[in-house]
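Here is the structure we will look at.
Please read these numbers as outputs of a predicted model, since none were measured by experiment.
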Amino acid sequence: MIPMPAAVVDTAASIDWSGMQSVVTDYGPAFRVLRDTWDKETLREIAQGHLFVSDALINEAIAKKINGDGPVKKLTIASHDNGRMNIAADTKKVGTVELSGTIDEFVHEGDKSYIVYHVRSKNIRDHGLMSWMFSRISLGMAQRLVGNLDVPEDIPVKIHGNRVRIDGSQVLAESAFGRTTFQGQRLLDMIEVKGAVPKDGGIDFQTELHVPPAVQRALLALAVDAID
């Protein structure tokens, strides 16, 4: 896999996703998924190595994954410059739940996708409730990278001491982004995430955009053809 050259980064800001399908109709399915997942700014940030996702966007995605049947009525995160990501939940049984911690690992590489959250302080001991919360939080955090993800009942969440590990590999593989290919390459394999650091108001994801030479040329041609 070869990192995308700077030329793609420069032209990414000029891509008109609405015109892509008419440019190369053979890749309609891939373009529909890309159009629905990445806007021009997202593609540019991923290629440049840092994708900033605001708390507001993550909380909006989390809210859409909560319905009246679950144990939590409201769930939000708040990121801070000291590297902490705070979590607040309004639960049906125990009232307000609050956690504060750090993201020790956020990894996506091929078929491997997981998050490790280190709890530094909390007012809850219910592992079942924590698993429910973290499954929604992790998928909300990933939405700008890979699009909307359904919440399965059995997403693997392991809690060992104060560390929570959420494995999203299967969820991503079964998503539209994971099942769609472009010139024989999965869209999911085009992006790599090496870490995530909470900042004031959002999370900074360390990313790389990888494509093989044939896909490089195709994306470059599309970028040129789609300039407004």
Side-chain angles (χ1 to χ4, degrees), residues 30 32-39 41-67 70 72 75-79 83 85-87 89 99 101-118 130-158 163-182 186-199 201-210:
R32 282 193 293 272
V33 173
L34 286 172
R35 179 196 62 202
D36 295 340
T37 305
W38 292 344
D39 56 22
E41 183 62 25
T42 298
L43 177 58
R44 182 171 61 183
E45 288 187 38
I46 291 172
Q48 290 177 338
H50 288 276
L51 176 68
F52 185 80
V53 184
S54 69
D55 289 342
L57 194 63
I58 295 172
N59 287 331
E60 180 182 352
I62 293 171
K64 292 178 180 178
K65 303 181 187 306
I66 296 177
N67 58 50
V72 175
L75 178 63
T76 60
I77 69 160
S79 306
M85 186 179 81
N86 296 341
I87 300 168
L99 300 91
T102 55
I103 301 173
D104 284 2
E105 296 182 73
F106 192 114
V107 174
H108 168 70
E109 183 179 8
D111 293 322
K112 180 173 62 177
S113 300
Y114 66 90
I115 304 169
V116 176
Y117 181 84
H118 188 169
M130 286 179 63
S131 295
W132 191 98
M133 291 164 50
F134 277 103
S135 65
R136 273 98 185 138
I137 291 169
S138 62
L139 298 185
M141 291 169 64
Q143 183 161 311
R144 193 178 174 199
L145 284 161
V146 297
N148 185 47
L149 299 167
D150 294 329
V151 182
E153 293 297 325
D154 57 349
I155 184 171
V157 179
K158 295 182 180 179
R163 295 181 185 274
V164 183
R165 189 182 192 276
I166 309 100
D167 190 334
S169 304
Q170 190 65 30
V171 178
L172 292 184
E174 294 175 355
S175 69
F177 207 85
R179 290 182 282 105
T180 303
T181 60
F182 178 69
R186 292 192 311 168
L187 298 181
L188 197 60
D189 293 330
M190 292 184 180
I191 56 173
E192 179 181 352
V193 182
K194 296 183 173 181
V197 180
K199 305 285 187 179
I203 298 175
D204 177 37
F205 293 86
Q206 289 82 61
T207 61
E208 285 189 7
L209 188 58
H210 297 285

Considering non-hydrogen atoms only, spot the tightest contact between [X] and [Y] and give its length.
X      : Y      : value
Pro198 : Ile103 : CG-CD1, 4.0 Å
Gly110 : Leu188 : O-CD2, 4.3 Å
Val151 : Ser135 : CG1-OG, 4.3 Å
Asn86  : Gly101 : OD1-N, 4.5 Å
Val72  : Ala89  : CG1-CB, 4.1 Å

Under a 4.5 Å cut-off applied to non-hydrogen side-chain atoms, are Gln206 and Val197 in contact? yes
Among Asp150, Leu149, Ile166, side chain to side chain contact (heavy atoms under 4.5 Å, CB included) partner for Ile155: Ile166
Test Met133 against every option in Ile66, Ile62, Leu75 by the side chain to side chain contact (heavy atoms under 4.5 Å, CB included) rule and name the one that passes. Leu75
Rounded distance (nearest 0.5 Å) linking atom [atom1] of [X] with atom [atom2] of [Y]:
X      : Y      : atom1 : atom2 : answer
Lys64  : Leu139 : NZ    : CG    : 14.0 Å
Thr37  : Gln143 : OG1   : CD    : 9.0 Å
Glu192 : Glu109 : CD    : CD    : 4.5 Å
Ile191 : Leu145 : CD1   : CG    : 5.0 Å
Ile77  : Ile87  : CD1   : CD1   : 7.5 Å
Glu60  : Ser54  : CD    : OG    : 8.5 Å

Check the pair Val53, Met141 against side-chain contact (heavy atoms from CB on, under 4.5 Å), reporting the backbone distance first and the verdict last. CA-CA 8 Å; Val53 184; Met141 291 169 64; over 6 Å; no
Hey, does the side chain of [X] reach the backbone of [Y] with a donor-acceptor pair shorter than 3.5 angstrom?
X      : Y      : result
Thr180 : Phe177 : no
Arg179 : Glu174 : yes
Glu45  : Phe52  : yes
Ser169 : Ser113 : yes

Using a 6.0 Å cut-off, check whether atom CG of Asn67 has over 12 heavy atoms from anything other than its own residue. yes
Just one of Tyr114, Tyr117, Phe205 clears the ring-ring contact (aromatic ring centres under 6.0 Å, His included) bar with Phe106, so which one? Phe205
When His108, Glu208, Glu105 are each screened for side chain to side chain donor-acceptor pair (under 3.5 Å) with Lys194, the one that passes is Glu208
Just by distance, no angles: are the side chains of Asp55 and Ser79 close enough, under 3.5 Å, to form a donor-acceptor pair? yes
Stepwise, does the side-chain contact (heavy atoms from CB on, under 4.5 Å) test hold for His210 with Met190? CA-CA 5 Å; His210 297 285; Met190 292 184 180; 5.8 Å; no
